[in-house]
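Below, read A as the first sequence line, B as the second, and so on, with proteins coming before strands; counting in each chain starts at 1.
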There are 2 protein chains.
Amino acid sequence: MTAVIINRMTASARDRMILSAAVLMRQQGVEATSFSDVIEHSGAPRGSIYHHFPNGKAQLIEAATRYAGEFTAAGLIAALRTDKPADAVDAFAAQWTSMLEQSNFDAGCPVVAAALEGERTPGARAAAGDAFGRWQHLVARALEPHTTRWRARTLATLVIASIEGAVIMARAQRSTVPLEEVANELRRILRGDLPPQPASQPQ
Amino acid sequence: MTAVIINRMTASARDRMILSAAVLMRQQGVEATSFSDVIEHSGAPRGSIYHHFPNGKAQLIEAATRYAGEFTAAGLIAALRTDKPADAVDAFAAQWTSMLEQSNFDAGCPVVAAALEGERTPGARAAAGDAFGRWQHLVARALEPHTTRWRARTLATLVIASIEGAVIMARAQRSTVPLEEVANELRRILRGDLPPQPASQPQ
DNA sequence: GTCTATACGAAGATAGAC
DNA sequence: GTCTATCTTCGTATAGAC
């Protein structure tokens, strides 16, 4: 079974392939990531691809997308361990900033890469949609103590959308500035704009 | 020369290829868009590809990215013809909503597709960065009468990043809800959160 | 589970005729 | 400017041995 976080040293060949696929997807996109690339990057044996992924590339990409979704969710959960939403969103943005800098702006978000695929890989696109939904839910739940349930949801979508968008802009412009600017605005919104609310809302 | 908006009926073969490349990029991404696809979609003659684009696919993709950047900028300029920023951003988001619905969530943003490409197509990535910068500048300039120059810039980045991010989420989830939620939040911010400012700021 | 070999198609790019 | 033909490389996928 795929672990929540794959350890490159101890993982099975299958999990190493999933991890490598996610890494390569975020750098090159889905279409440009070939089996040969994954084999080389993961060190997994050639002959075991169709043993572990009988449905071929589509299955590997979908698994990598689901893994990347869980990986990012784990980072989000870690960031949300503050009860101040503004700090949590800052920490989440900082994770992306660090990744961009460490990769010299070569790595983006693998889930976004999967979301952009055409009709050739519907499974990966659906997996991307699920991942986004999960992240939205995590942020919304963290915001619910501070505002209405409805507003928590729309704010959560703003947080996810703007950070993902900023990561793309940062990559294209080879600068962390877009991410910093978005984080600034989000911090301001989450710090100042949430009216105190009673704990439970009428539905 | 490439027109600001290419007319499919009257355009030259070269411009039709650029337009088709942009259309296909937003559906399938860069890597999955082949010359054969572009030829078929544009109706341009096979033999003229390397006549018009001596540097091959990289050159075509870069041209398509620049064209898409200008096309979207034109839509943004049209939306900004209100002096109420909240209405302008709403209109811009509505353009994307309409495009997603008309394409049955098959079409995203070609500039984003170019931005996600790896090191194989550095020209397209740079063109994407330029396009984002241009959009940021357009929005920022429209916001400057209403707030400080610095805040106008960060808000502009939030607007572009969140709408682009929401388009991706909408595609993956096959729903316009993310875009509506983001537009709601942006409207609230731009309507209520901008303190009245004097026209010019000390630097 | 993993190997090699290979089938099969499609990609980008080039050459040379018209 | 546009055509056809072709080169070369690389992709996914399969077959069958070990």
Minimum side-chain heavy-atom gap B/Q59-B/H52 below 4.5 Å: no

Nearest atoms (heavy-atom pairs only) where B/Q173 meets A/G129: NE2-O, 3.2 Å

Most 5' of A/S36 and A/P54 on DNA chain D, judged by nearest nucleotide: A/S36

Nucleotide nearest B/S48 when distance is taken to its side chain, options C/dG12, C/dT2, D/dT2: D/dT2

Separation of D/dT12 P from A/N55 CG (nearest whole Å): 15 Å

Closest to side chain of B/F35, choosing from C/dT2, C/dA13, D/dA13: C/dA13

Distance-only side-chain donor-acceptor flag, B/E40 / B/S36, under 3.5 Å: no

Euclidean distance, atom CZ of residue A/R46 to atom P of C/dT6 [Å, nearest integer]: 15 Å

B/I61 CD1 - C/dG12 P separation (whole Å): 9 Å

Proximal nucleotide (of C/dG12, D/dA13, C/dT2) relative to the B/Y50 side chain: C/dG12

Whether A/F71 and A/Y67 hold their rings parallel, tilted or perpendicular, with breakpoints at 30° and 60°: tilted

Whole-Å gap separating P (C/dA13) and NE2 (B/H52): 16 Å

Side-chain N,O (B/H51) to OP1/OP2 (D/dT2) below 4.0 Å: no

A/I49 CD1 - D/dA15 C1' separation (whole Å): 15 Å

A/E70 with A/R66: basic N within carboxylate O range, under 4.0 Å: no

Interatomic distance, A/L60 CG vs D/dA13 P [rounded to whole Å]: 10 Å

Separation of atom CZ in A/F53 from atom C1' in C/dT2, rounded to whole Å: 15 Å

Minimum-distance nucleotide (side-chain atoms of A/S34 versus D/dC3, C/dA11, D/dG11): D/dG11

Nearest-Å distance for atom pair CZ/P, residues B/R120 and D/dC10: 10 Å

